[in-house]
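Here the structure comes first, spelled out in structure tokens, and everything after it is commentary.
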Number of protein chains: 2
Amino acid sequence: MQKTKRQQKIMSLIRGRRIGTQQELTALLERAGFVATQSSVSRDLEELGVVKHNGHYTLPRAAEGAAARGLLGLDAAGDCLVVARCEPGLASAVAVAIDRAHLEEIVGTVAGEDTIFIAVHERKAQRAAIKKVWELFG
Amino acid sequence: MQKTKRQQKIMSLIRGRRIGTQQELTALLERAGFVATQSSVSRDLEELGVVKHNGHYTLPRAAEGAAARGLLGLDAAGDCLVVARCEPGLASAVAVAIDRAHLEEIVGTVAGEDTIFIAVHERKAQRAAIKKVWELFG
DNA sequence: ACCCGTTATGCAAATTCGCTGCATAACGGG
DNA sequence: CCCGTTATGCAGCGAATTTGCATAACGGGT
């Protein structure tokens with residue numbers, strides 16, 4: 001799927017530099033090999049929850065909200081694993097919160113010190129799980 | 001969607017009586033108004049996590065015997081992971097029991113508070129592992 | 001109030017994805 | 001080694017998602 005990778009690229013671009021317009025972002029994407037129109041970029045930003053602040057796009061404040069509760073980031077690993085990075089010592093607490101949500105995509109979680117492994121059924125569930133967990137902490 | 005309702009029917013059929021083959025199940029479904037082939041039934045059972053045990057299909061979930069020893073349920077995640085849900089605090093104990101069985105399909109286990117991740121070699125080993133672990137506690 | 005640069009959106013086409021049956025391979029008990 | 005049973009590659013089909021285009025809506029600056 002083109003969309004998912006494009007959105008990941010958008011995230012990294014936004015993290016890496018100040019981007020002021022969707023046109024600019026569209027151009028950067030194209031240079032990176034992702035051809036898309038401003039329409040699509042607009043919808044991507046909407047989905048990602050990216051917000052324009054002080055004239056440039058930044059990651060959603062949901063990020064800060066989540067960090068406040070111990071969750072730092074989510075990443076996919078393979079087809080059936082999601083790895084959550086947490087603040088040291090808080091992984092178990094975050095894992096409990098995730099378990100309590102009883103998300104249907106999630107098969108189970110195992111928490112370490114600052115990392116959680118979240119097992120999902122398959123690839124499709126993986127994406128849904130990342131989204132829902134992120135919303136949980138947003 | 002036909003599939004969801006058909007799977008619900010399958011669940012109720014399996015709960016209600018001993019079913020020995022997919023052919024038998026297919027026939028029962030048809031009598032209930034769900035026309036499907038054995039192919040679809042096979043895939044349904046896979047998705048539902050139904051396992052054939054003692055010659056008939058059963059759910060690998062909270063049966064008395066297993067629950068008494070801490071194991072609540074088994075699920076597949078992706079191709080190489082099996083997730084075991086346990087009663088709070090008993091995951092390590094259950095994991096030890098599984099490890100002691102030295103099942104050839106199992107590469108390793110990691111236990112949290114109430115969840116165990118069991119790594120297996122590949123898809124085929126996954127089904128075998130679910131069955132064997134379930135029998136261990138059944 | 002009016003531009004104009006920027007962003008959002010209705011709609012239809014294009015693309016992807018899931019479900020299914022068929023044919024057949026793989027499995028496993030006897 | 002057979003034969004009943006179960007799993008799966010493949011292709012077709014329909015539904016749902018994604019996308020681009022055209023255009024509307026928005027918002028800051030004058």
Side-chain angles (χ1 to χ4, degrees), chain A residues 1-10 13-14 18-30 33-58 60 79-80 104-105 120-128 130-131, chain B residues 1-10 13-14 18-30 33-58 60 76 78-80 103-105 120-132 135:
Chain A
M1 159 129 33
Q2 182 79 328
K3 188 184 163 194
T4 303
K5 289 178 182 172
R6 188 183 62 233
Q7 291 188 346
Q8 288 174 352
K9 191 66 187 176
I10 287 177
L13 282 171
I14 286 177
R18 298 278 116 109
I19 296 177
T21 71
Q22 293 181 4
Q23 191 176 10
E24 189 181 344
L25 185 49
T26 303
L28 288 172
L29 280 172
E30 182 159 2
F34 295 91
V35 180
T37 60
Q38 171 265 326
S39 304
S40 296
V41 171
S42 170
R43 288 186 264 248
D44 283 342
L45 294 175
E46 160 73 20
E47 262 178 61
L48 292 169
V50 171
V51 153
K52 198 170 188 177
H53 186 49
N54 284 344
H56 65 271
Y57 290 103
T58 69
D79 282 353
C80 59
E104 58 185 348
E105 295 86 359
V120 298
H121 278 113
E122 24 72 46
R123 177 169 275 290
K124 177 187 162 199
Q126 196 180 45
R127 192 176 170 217
I130 289 178
K131 188 175 173 189
Chain B
M1 158 132 38
Q2 184 80 334
K3 187 185 163 195
T4 303
K5 289 177 180 172
R6 187 182 63 234
Q7 292 188 344
Q8 289 173 352
K9 190 65 186 178
I10 287 177
L13 283 171
I14 286 177
R18 299 279 114 110
I19 297 177
T21 71
Q22 294 180 5
Q23 192 175 11
E24 189 181 343
L25 186 49
T26 304
L28 288 172
L29 280 172
E30 182 160 1
F34 295 90
V35 180
T37 61
Q38 173 264 328
S39 304
S40 296
V41 170
S42 171
R43 289 187 265 247
D44 283 343
L45 294 175
E46 159 76 18
E47 263 179 59
L48 292 168
V50 172
V51 158
K52 197 169 187 178
H53 183 49
N54 282 344
H56 65 271
Y57 289 102
T58 66
D79 283 350
C80 56
L103 304 181
E104 57 187 345
E105 296 86 356
V120 297
H121 278 113
E122 27 72 49
R123 185 168 197 77
K124 209 143 259 173
Q126 194 180 47
R127 291 187 67 84
I130 289 178
K131 190 176 175 185
K132 289 188 181 178
E135 282 168 355

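Per chain, numbering begins at 1; letters A, B, ... match sequence-line order. Computation of the quantities below employed the complete heavy-atom set of this structure, encompassing side-chain atoms and omitting hydrogens, waters and symmetry-equivalent molecules.
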Query raised in the report: Partners of Glu46(B) by side-chain hydrogen bond (donor to acceptor under 3.5 Å, both in side chains), sequence neighbours excluded?
Result: Arg123(B), Arg127(B)
**Report entry** Pairwise 5' ranking along DNA chain D for Arg43(B) and Gln22(B), keeping only the more 5' one
**Finding:** Gln22(B)
Report summary line: DNA chain C in dot-bracket form (Watson-Crick or G-U pairs under 3.5 Å, [ ] crossing, | inter-strand) is ||||||||||||||||||||||||||||||
**Report entry** Outermost nucleotides of DNA chain C that come under 4.0 Å of a non-hydrogen atom of chain A
**Finding:** dT6(C) to dG18(C)
Requested in this report: Look at all strands and tell whether Gln23(A) reaches a base, only sugar-phosphate, or nothing, counting heavy atoms closer than 4.0 Å.
Outcome: sugar-phosphate
Query - Comparing Lys124(B) and Thr37(A) on DNA chain D - which has the more 5′ nearest nucleotide - result: Lys124(B)
Query raised in the report: Using a cut-off of 4.0 Å on non-hydrogen atoms, how would the nucleic acid contact of Gly55(B) be classed: base, sugar-phosphate, or nothing?
Result: nothing
Query raised in the report: Does CD belonging to Glu104(A) count more than 12 external heavy atoms closer than 6.0 Å?
Result: no
Report summary line: 5'-most contact on DNA chain C (nearest-nucleotide basis), Gln38(A) vs Gln38(B), goes to Gln38(A)
Query raised in the report: Should the heavy atoms of other residues, nucleotides or ligands under 6.0 Å from NE2 of His53(B) be counted, would the total exceed 12?
Result: yes
Query raised in the report: Is Thr21(A) touching bases, backbone alone, or none of the nucleic acid, heavy atoms closer than 4.0 Å?
Result: sugar-phosphate
N/O to N/O distances under 3.5 Å, protein versus nucleotides 14-18 of chain D:
{"residue": "dT18(D)", "atom": "OP1", "partner": "Lys3(A)", "partner atom": "NZ", "Å": "3.1"}
{"residue": "dT18(D)", "atom": "OP2", "partner": "Lys3(A)", "partner atom": "NZ", "Å": "3.2"}

Report task. Check side-chain hydrogen bond (donor to acceptor under 3.5 Å, both in side chains) between Glu105(B) and all other residues, then give those that pass, not counting sequence neighbours. Result -> Lys132(B)
Report task. Determine the contact category for Ser42(B): base if any of its heavy atoms lies under 4.0 Å from a base atom, sugar-phosphate if only primed atoms, P, OP1 or OP2 are that close, otherwise nothing. Result -> base
Report task. Using the salt bridge (charged side-chain N to carboxylate O under 4.0 Å, His left out) rule, collect all pairs that involve residues 48-57 of chain A, keeping only residues at least two apart or in two chains. Result -> none
